[in-house]
Amino acid sequence: MKKTAMTGPDLPNIPWEERPRGATDVVWRYSKNPIIPRDLLPSSNSIFNSAVVPYQGEFRGVFRCDDKRRAMQLHAGRSQDGLRWRLDPERIRFQPAEGFEPTEWGYGYDPRVVWIEDRYYITWCNALAGWPTIGVAYTHDFETFYQMENAFLPFNRNGVLFPRRVNENYAMLSRPSDRGHTPFGEIYYSESPDMTYWGKHRLVMRPAGGWQSTKIGAGPVPIETSEGWLVFYHGVLTSCNGFVYSMGAALLDIDRPWEVVRRTEPYLLHPRELYERVGDVPNVVFPCAALTDPITGRIAIYYGAADTVTCLSFCRVDEVIDFLEAHSL
């Protein structure tokens, strides 16, 4: 087994459960899924596709909470162990970041959160003139949130920042789309000198066959490893019953992240359990966040299930890298 180093602070209190006895899957589910039910808040219809980060020995996050009007909202949350969560009952009210005019808030879904340099950045699917694009904001304490300019023109989804600058610029993955429930999608790479003006766009990956034949999109924040950037992503297959969302992984070149080193041909996680197959949108596994412990090589992946609840799965970086080497496209 290849020994792979991960970059980042130690996380000895990472939420964790060992692989079940007799199981052979590279990624395995938490036995007490879902960790967040759809109705944790009195106002929520569903809580899913959300982002979690370590924070001062505990954990904080930004959560997609669709309310009972079915309006898509973002709420802040906190947890001591990454398993039991308390969410703010009111949605995040963004303030304009210093030097920025107030930016339109249209809706909020599928957030990601990442620490870069001196603050936590949040990206999510926001609305610009009523159409989906990538919103950008930051916070220092998960109490006050400052909204910046949207990163791109419509139409775009799944904006995922890298955890450090690349080639001296901020870097982001995204999935250009259309105004509807996009029946296509590719992953692109972009850079910015100031988190405002984005360019140097590069194609990273297109859909392939089978479980990722319709569209693909970036998932959690890329994980820096000695083998390259480890990216978990969702892939979509169109069946006779509609879309099916699964999870795979890819390695990107550390200095040229638009170049794919390896990419899984089989999926790593696929809708199988009842909570993944039955819900507001059936047959969905949608990863949005990953916690890592470089000392032990453990990774905990948070994912939305059936667009209804929030779940947790686990893996080890060495096993994922070995799987990529053995089962790459």
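Side-chain atoms of M247 and L268, non-hydrogen and from C-beta on, do get closer than 4.5 Å to each other. Counting heavy atoms from C-beta on, the side chains of Y107 and P132 come closer than 4.5 Å. A 4.5 Å side-chain heavy-atom check between K200 and N167 finds every atom pair outside the cut-off. Side-chain contact between V62 and W124 is absent, with no heavy atoms from C-beta onward closer than 4.5 Å. Residues L329 and M205 form no side-chain contact, since every pair of their non-hydrogen atoms from C-beta on lies 4.5 Å or further apart. Under the 4.5 Å side-chain criterion, counting only non-hydrogen atoms from C-beta, W229 is not in contact with V261. Between L161 and M195 the shortest side-chain heavy-atom distance falls below 4.5 Å. R157 is listed as a side-chain neighbour of T182, based on a closest heavy-atom distance under 4.5 Å.
Enclosure of atom CD in E90 is not indicated, since only 12 or fewer non-hydrogen atoms of other residues, nucleotides or ligands lie within 6.0 angstrom. Surrounding CZ of R78 are more than 12 heavy atoms belonging to other residues, nucleotides or ligands, all under 6.0 Å away. Few gaps surround CD on E143; more than 12 heavy atoms of other groups in view lie less than 6.0 Å from it. Annotation for E117: atom CD counts as buried by contact number, over 12 foreign heavy atoms lying within 6.0 Å. With a 6.0 Å radius and a threshold of 12 heavy atoms from other residues, nucleotides or ligands, E58 has its CD atom above the threshold. By the 6.0 Å contact criterion, CG on D118 is enclosed, its count of non-hydrogen atoms from other residues, nucleotides or ligands being greater than 12.
Taking the six-membered ring where the residue is Trp, the centroids of F145 and W105 are separated by 6.0 Å or more. Ring to ring, Y245 and H234 are close: their centroids are under 6.0 angstrom apart. W211 and Y233 have their aromatic ring centers within a separation under 6.0 angstrom.
Remark: side-chain polar atoms of T133 are not paired, donor with acceptor, to backbone N or O of A127 under 3.5 angstrom. Side chain of N158 to backbone of S174: no donor-acceptor contact under 3.5 angstrom is found. N126 places a side-chain N or O within 3.5 Å of a backbone atom of G106 that can act as its donor or acceptor partner. In this structure, T310 contributes its side chain and I35 its backbone to no donor-acceptor pair below 3.5 Å. With hydrogens and angles ignored, the 3.5 Å screen pairs no side-chain donor or acceptor of T238 with any backbone N or O of T214. At least one donor-acceptor pair closer than 3.5 Å links the side chain of R19 to the backbone N or O of D25. Between the side chain of S328 and the backbone N or O of R263 there is at least one donor-acceptor pair closer than 3.5 Å. Judged by distance alone, with hydrogens and angles left aside, the side-chain atoms of D10 form no donor-acceptor pair with the main-chain N or O of P12 at under 3.5 Å. Judged purely by atom type and a 3.5 angstrom limit, D293 uses its side chain to pair as donor or acceptor with the backbone of L11. Formation of a donor-acceptor pair under 3.5 Å by the E227 side chain with backbone atoms of I321 is not found in this model.
Of all non-hydrogen atoms in P154 and W131, the two that sit nearest each other are CB-CB, 3.8 Å. For the pair F323 and Y267, the tightest heavy-atom approach, listed with the atom from each and the gap, is CZ-O, 4.4 Å. Residues L252 and P257 come closest through the heavy atom pair CD1-O, 3.2 Å. Looking at every heavy atom in both residues, P176 comes nearest to Y188 through CD-CD1, 3.6 Å. Considering all non-hydrogen atoms of both residues, P183 and D178 come closest at CD-OD2, 3.6 Å. Taking every heavy atom of both residues into account, P15 and F314 meet most closely at O-CE2, 3.2 Å.
To the nearest 0.5 Å, atoms CH2 (W28) and CG (L312) are separated by 11.0 Å. Rounding to the nearest 0.5 angstrom, the gap separating the OG atom in S43 from the CZ atom in R91 is 12.0 Å. Distance check, rounded to the nearest 0.5 Å: CG of D66 to CG of D307 gives 8.0 Å. The distance from atom CZ of R316 to atom CG of D322, rounded to the nearest 0.5 Å, is 13.0 Å. Rounding to the nearest 0.5 angstrom, the gap separating the CZ atom in R64 from the OG atom in S44 is 12.5 Å. A distance of 4.0 Å separates SG of C315 from CD1 of I301, quoted to the nearest 0.5 Å.
In the hydrophobic cluster analysis, where Ile, Leu, Val, Met, Phe, Trp and Tyr join through side-chain heavy atoms closer than 4.5 angstrom, V260 is grouped together with V166. Put simply, I14 and V113 are part of two different groups of oily side chains (I, L, V, M, F, W, Y) that touch within less than 4.5 Å, one to the next. Under a hydrophobic clustering in which Ile, Leu, Val, Met, Phe, Trp and Tyr are joined whenever their side-chain heavy atoms come within less than 4.5 Å, directly or via other members, I134 and Y109 fall into different clusters. The hydrophobic clustering, which links ILVMFWY residues whose side-chain heavy atoms are closer than 4.5 Å, places F100 and Y138 together. Under the 4.5 Å side-chain heavy-atom criterion for Ile, Leu, Val, Met, Phe, Trp and Tyr, L74 and F142 are members of the same hydrophobic cluster.
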Q: Apply the test side chain to side chain contact (heavy atoms under 4.5 Å, CB included) to residues F63 and Y302: give CA-CA distance (whole Å), side-chain angles for both, the deciding distance (0.1 Å), then the verdict.
A: CA-CA 11 Å; F63 294 82; Y302 291 80; over 6 Å; no
Q: Would you sort out whether V317 and T292 count as a side chain to side chain contact (heavy atoms under 4.5 Å, CB included), showing the intermediate values?
A: CA-CA 9 Å; V317 65; T292 62; over 6 Å; no
Q | Full working for side chain to side chain contact (heavy atoms under 4.5 Å, CB included) between F152 and H201 | A | CA-CA 11 Å; F152 305 117; H201 310 298; 4.1 Å; yes
Q | Evaluation steps, side chain to side chain contact (heavy atoms under 4.5 Å, CB included), between H270 and L237 | A | CA-CA 11 Å; H270 179 75; L237 144 72; 5.6 Å; no
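Side-chain contact of D110 with N49: a donor-acceptor pair under 3.5 Å is present, judged by distance alone.
A cation-pi arrangement, defined by a distance under 6.0 Å to the six-membered ring centre and an angle within 45 degrees of its axis, is absent between R60 and Y55.
For residues 29-45, every residue pair satisfying the salt bridge (charged side-chain N to carboxylate O under 4.0 Å, His left out) rule, not counting sequence neighbours, is listed here: R29-E276, R38-D280.
Put simply, the residue from L251, I254, L173 that forms a side chain to side chain contact (heavy atoms under 4.5 Å, CB included) with P222 is L173.
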